[in-house]
Amino acid sequence: MSLNDEVTAVQRCLDDLGQALARLEKHLGERNLELRRVRTDAAHLRESVELLREAHRPAAEPPAEPVEIPEAPYDPALWKDADDEGLGARDRHAP
């Protein structure tokens with residue numbers, strides 16, 4: 001199994017633990033100190049496993065090379081059918 005699969009399996013086990021603790025809570029009540037300690041420990045385990053996953057996540061791809069934009073003016077024909085923002089087309093008038 002890959003590391004990701006192993007970590008996912010641990011998270012599933014922690015989910016099962018959470019469900020079992022919820023069932024225990026029905027029998028023992030939510031004020032049971034030992035049960036609250038186990039719930040807190042399970043929450044810490046969940047956080048630690050998530051940190052483990054993030055620490056061993058494959059590195060992201062390097063950023064793409066920057067694209068150079070020429071300083072020369074654009075061909076005005078590119079904008080012949082474009083509207084000026086908020087003003088409408090150049091050859092039409094507002095109603």
Side-chain angles (χ1 to χ4, degrees):
M1 287 181 115
S2 71
L3 177 66
N4 188 41
D5 293 339
E6 294 290 349
V7 172
T8 301
V10 171
Q11 286 178 323
R12 268 191 243 116
C13 290
L14 289 172
D15 290 341
D16 292 343
L17 177 61
Q19 292 171 359
L21 290 173
R23 288 190 300 269
L24 269 177
E25 193 171 43
K26 288 179 183 177
H27 294 291
L28 301 174
E30 58 186 48
R31 293 183 177 250
N32 187 293
L33 179 61
E34 290 79 14
L35 183 60
R36 286 181 21 208
R37 285 183 181 155
V38 174
R39 276 198 169 282
T40 301
D41 290 344
H44 288 166
L45 279 172
R46 184 176 296 285
E47 290 171 10
S48 296
V49 169
E50 187 57 36
L51 289 172
L52 180 69
R53 180 187 293 276
E54 289 175 13
H56 294 288
R57 190 166 286 169
E61 293 183 23
E65 292 292 319
V67 177
E68 186 175 325
I69 299 174
E71 294 291 329
Y74 289 108
D75 180 10
L78 291 173
W79 315 113
K80 71 177 185 158
D81 292 334
D83 292 344
D84 286 332
E85 187 174 327
L87 301 176
R90 295 174 198 255
D91 59 342
R92 292 186 302 232
H93 299 288

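Small disclaimer: the values here were computed from a predicted structure and weren't measured.
Arg31 pairs by the side chain to side chain contact (heavy atoms under 4.5 Å, CB included) definition with nothing, not counting sequence neighbours. Listed by chain and number, the residues in a side chain to side chain contact (heavy atoms under 4.5 Å, CB included) with Arg23 are Gln19, Ala20 (sequence neighbours excluded). Not counting sequence neighbours, Asn32 has no partner by the side chain to side chain donor-acceptor pair (under 3.5 Å) test. For Ser48, the side chain to side chain donor-acceptor pair (under 3.5 Å) test picks out no residue, with sequence neighbours left out. Scored by the side chain to side chain contact (heavy atoms under 4.5 Å, CB included) test, Asp5 finds Met1, Ser2 as partners (sequence neighbours excluded).
In the hydrophobic clustering, where aliphatic and aromatic side chains (Ile, Leu, Val, Met, Phe, Trp, Tyr) are joined below 4.5 Å either directly or transitively, Leu51 stands alone. Chaining together hydrophobic side chains whose heavy atoms lie under 4.5 Å apart places Leu17 alongside Leu3, Val7, Val10, Leu14, Leu21, Leu24, Leu28, Leu35, Val38, Leu45, Val49, Leu52.
Sorted by first and then second residue, the salt bridge (charged side-chain N to carboxylate O under 4.0 Å, His left out) pairs with a member in residues 38-52 read Asp15-Arg46, Glu25-Arg39; sequence neighbours excluded.
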